[in-house]
Amino acid sequence: GAKWLPRYGWFHYKEGFSPSLVEWFIKTYDVKTLLDPFAGVGTTLLKAKEMNVKARGYEVLPLGALMSRVKVRNYDDVFFEQLEQAVKEVMEEREKVVWRYELFPTERALPPYNYHFLLKARKAVERLEGTVKEFVMAVLVSMLAQSSYIVKDGGVVKIRKKHVPKAKSLFLRKVKRWSVEAQQCC
């Protein structure tokens with residue numbers, strides 16, 4: 001599936017189109033310009049970019065818009081230098097962060113080591129700017145489900161104790177993978 005393709009797999013979005021379906025439509029209908037009014041996480045826009053088709057997309061959900069921008073954007077050497085520094089800042093963040101959510105205790109959804117890392121990482125991201133801020137935020141958001149006890153069971157979200165990877169390691173792996181893929185694309 002698309003989750004293993006460079007950039008396409010950066011964020012699992014069940015409702016997203018398959019890149020091969022988008023490619024089929026572009027080729028079958030000889031599309032030269034494309035408008036995607038429901039861009040989701042940018043699969044159509046990224047495939048259009050890869051095929052040198054002019055494209056514009058709109059997405060009202062902030063999460064989808066963020067992921068779409070991050071996946072489709074061109075990255076240069078300056079960005080990667082800034083990203084390297086940003087990752088150091090995230091990893092070295094020491095400020096204690098407390099977060100309370102009124103509906104349930106959020107610390108129940110994550111192992112303590114992940115809960116504290118993610119809160120500190122979020123604090124570090126707040127100090128970042130521009131493209132690097134969006135990229136690092138997208139990485140963090142993309143790893144939330146993997147680093148938590150949250151399990152989607154049909155239309156319900158449940159909290160179940162299960163083994164989850166350490167968020168620090170997951171963060172570093174994802175940044176490395178995304179960086180390599182960002183350098184190879186388009």
Side-chain angles (χ1 to χ4, degrees), residues 1-27 31-93 117-118 120-147 167-186:
K3 69 180 181 180
W4 302 112
L5 296 174
R7 290 201 190 198
Y8 293 99
W10 285 5
F11 185 78
H12 177 70
Y13 193 66
K14 187 177 178 183
E15 294 78 12
F17 286 123
S18 154
S20 57
L21 176 65
V22 175
E23 182 176 5
W24 181 85
F25 274 108
I26 289 172
K27 286 180 177 178
V31 175
K32 304 292 183 216
T33 304
L34 188 146
L35 173 65
D36 187 355
F38 306 101
V41 295
T43 299
T44 300
L45 300 175
L46 182 56
K47 182 47 76 175
K49 180 178 181 177
E50 290 174 350
M51 297 177 72
N52 294 314
V53 171
K54 292 179 187 174
R56 177 163 307 258
Y58 298 93
E59 178 55 51
V60 297
L61 297 174
L63 175 62
L66 170 69
M67 292 300 170
S68 187
R69 285 191 307 272
V70 169
K71 282 169 51 174
V72 175
R73 186 175 281 138
N74 292 322
Y75 297 100
D76 59 18
D77 291 339
V78 172
F79 166 81
F80 292 108
E81 290 169 14
Q82 293 171 344
L83 178 62
E84 189 175 328
Q85 181 59 39
V87 169
K88 286 179 186 173
E89 291 174 27
V90 168
M91 297 306 288
E92 294 170 359
E93 179 63 46
F117 171 75
L118 290 168
K120 289 178 181 182
R122 177 66 175 101
K123 186 70 173 174
V125 169
E126 288 175 7
R127 291 191 297 273
L128 300 175
E129 296 179 359
T131 303
V132 171
K133 180 177 187 168
E134 285 196 340
F135 190 92
V136 174
M137 180 58 74
V139 169
L140 289 171
V141 169
S142 77
M143 57 185 266
L144 281 175
Q146 288 175 278
S147 56
K168 280 184 180 183
S169 301
L170 190 57
F171 173 73
L172 292 173
R173 282 195 313 270
K174 281 196 176 239
V175 167
K176 183 177 181 179
R177 174 187 166 202
W178 288 25
S179 295
V180 168
E181 292 177 5
Q183 290 173 7
Q184 295 171 345
C185 181
C186 316

Asks: If you measure from OG on S68 to OH on Y13, what distance do you get to the nearest 0.5 Å?
Replies: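 Those atoms lie 10.0 Å apart.
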Asks: With side-chain contact (heavy atoms from CB on, under 4.5 Å) as the criterion, how do F135 and L140 come out once you've worked through the C-alpha distance, each side chain's angles and the decisive distance to 0.1 Å?
Replies: CA-CA 9 Å; F135 190 92; L140 289 171; over 6 Å; no
Asks: Between E23 and K47, is the closest basic N to carboxylate O distance under 4.0 Å?
Replies: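 So K47 pairs with E23 through a salt bridge.
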Asks: Which value, rounded to the nearest 0.5 Å, describes the distance between L46 atom CG and M51 atom CE?
Replies: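 Here the rounded value is 12.0 Å.
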Asks: Provide the closest heavy-atom pair for G42 versus V72 in the form atom of the first, atom of the second, distance.
Replies: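 Heavy atoms only, the tightest pair is O-CG2, 4.1 Å.
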Asks: Are the side chains of V90 and R122 in contact, using a 4.5 Å heavy-atom criterion?
Replies: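 They are not in side-chain contact.
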Asks: For T43 and S18, which heavy atoms make the closest approach, and how far apart are they?
Replies: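 In this case the closest contact between T43 and S18 is CG2-C, 4.2 Å.
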Asks: What verdict does the side-chain contact (heavy atoms from CB on, under 4.5 Å) test give for R56 and D36, after you've listed the backbone C-alpha separation in whole Å, the side-chain angles of each residue and the deciding distance to 0.1 Å?
Replies: CA-CA 6 Å; R56 177 163 307 258; D36 187 355; over 6 Å; no
Asks: Within the structure provided, determine whether F117 and E93 are in side-chain contact (heavy-atom separation under 4.5 Å).
Replies: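 SC-SC contact between F117 and E93 ruled out.
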Asks: Under 4.0 Å between a Lys/Arg side-chain N and an Asp/Glu carboxylate O for R69 and E134?
Replies: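 Result for this pair is yes, salt bridge flagged.
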Asks: To the nearest 0.5 Å, what is the distance between CG on D77 and CG on L83?
Replies: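 D77 atom CG to L83 atom CG measures 12.5 Å (nearest 0.5 Å).
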Asks: How long is the gap from CE on M67 to OG on S142, to the nearest 0.5 Å?
Replies: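 Output value for this atom pair is 5.5 Å.
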Asks: Does a side-chain heavy-atom distance below 4.5 Å link T33 with V53?
Replies: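 No, too far: nothing below the 4.5 Å cut-off.
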Asks: Sub-3.5 Å donor-acceptor pair from the side chain of E59 to the main-chain atoms of G40, do we have one?
Replies: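 Flag set: sc E59 to bb G40 pair under 3.5 Å.
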Asks: Going by heavy atoms in the side chains, are K3 and Y8 under 4.5 Å from each other?
Replies: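 They are not in contact (no side-chain heavy atoms under 4.5 Å apart), so the answer is no.
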Asks: Stepwise, does the side-chain contact (heavy atoms from CB on, under 4.5 Å) test hold for K49 with L45?
Replies: CA-CA 6 Å; K49 180 178 181 177; L45 300 175; over 6 Å; no
Asks: Locate the shortest heavy-atom distance separating M91 from F171; write the atom from each residue and the value.
Replies: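 Answer, listing the atom of M91 first, then F171: SD-CD2, 3.8 Å.
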Asks: Is the shortest side-chain heavy-atom distance between E126 and K123 below 4.5 Å?
Replies: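 Result yes, sub-4.5 Å side-chain heavy-atom pair found.
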Asks: Taking the six-membered ring for Trp, are W178 and W10 parallel (under 30°), tilted (30 to 60°) or perpendicular (over 60°)?
Replies: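 Parallel, since the angle between the ring planes stays under 30°.
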Asks: Hey, are the side chains of K54 and K32 touching, using non-hydrogen atoms and a 4.5 Å cut-off?
Replies: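 No, side chains not in contact.
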Asks: Would you name the heavy atoms of L128 and K133 that are closest together and state the gap between them?
Replies: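 Result for this residue pair: O-CD, 3.3 Å.
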Asks: List the steps and the verdict of ring-ring contact (aromatic ring centres under 6.0 Å, His included) for F38 and Y58.
Replies: CA-CA 6 Å; F38 306 101; Y58 298 93; over 10 Å; no
Asks: So which heavy atom on L35 is nearest to which on P37, and how close?
Replies: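 What the structure gives for the nearest pair is O-CD, 3.4 Å.
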Asks: How far does CG of L61 sit from CG of L66, to the nearest 0.5 angstrom?
Replies: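 Those atoms lie 12.0 Å apart.
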Asks: Going by heavy atoms in the side chains, are F79 and N74 under 4.5 Å from each other?
Replies: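 Result no, sub-4.5 Å side-chain heavy-atom pair not found.
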Asks: Do you know the tightest heavy-atom contact between T44 and V22?
Replies: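 Heavy-atom minimum between the residues: OG1-CG2, 3.6 Å.
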Asks: I'd like to know if the side chain of Q146 pairs up with that of K174 as donor and acceptor (distance under 3.5 Å, no hydrogens or angles considered).
Replies: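 Checked: Q146/K174 side chains pair up, N/O donor to acceptor below 3.5 Å.
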Asks: Does a side-chain heavy-atom distance below 4.5 Å link M143 with L118?
Replies: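 The answer is yes; the side chains approach within 4.5 Å.
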Asks: Show your reasoning for whether side-chain contact (heavy atoms from CB on, under 4.5 Å) applies to T131 and R73.
Replies: CA-CA 9 Å; T131 303; R73 186 175 281 138; 3.3 Å; yes
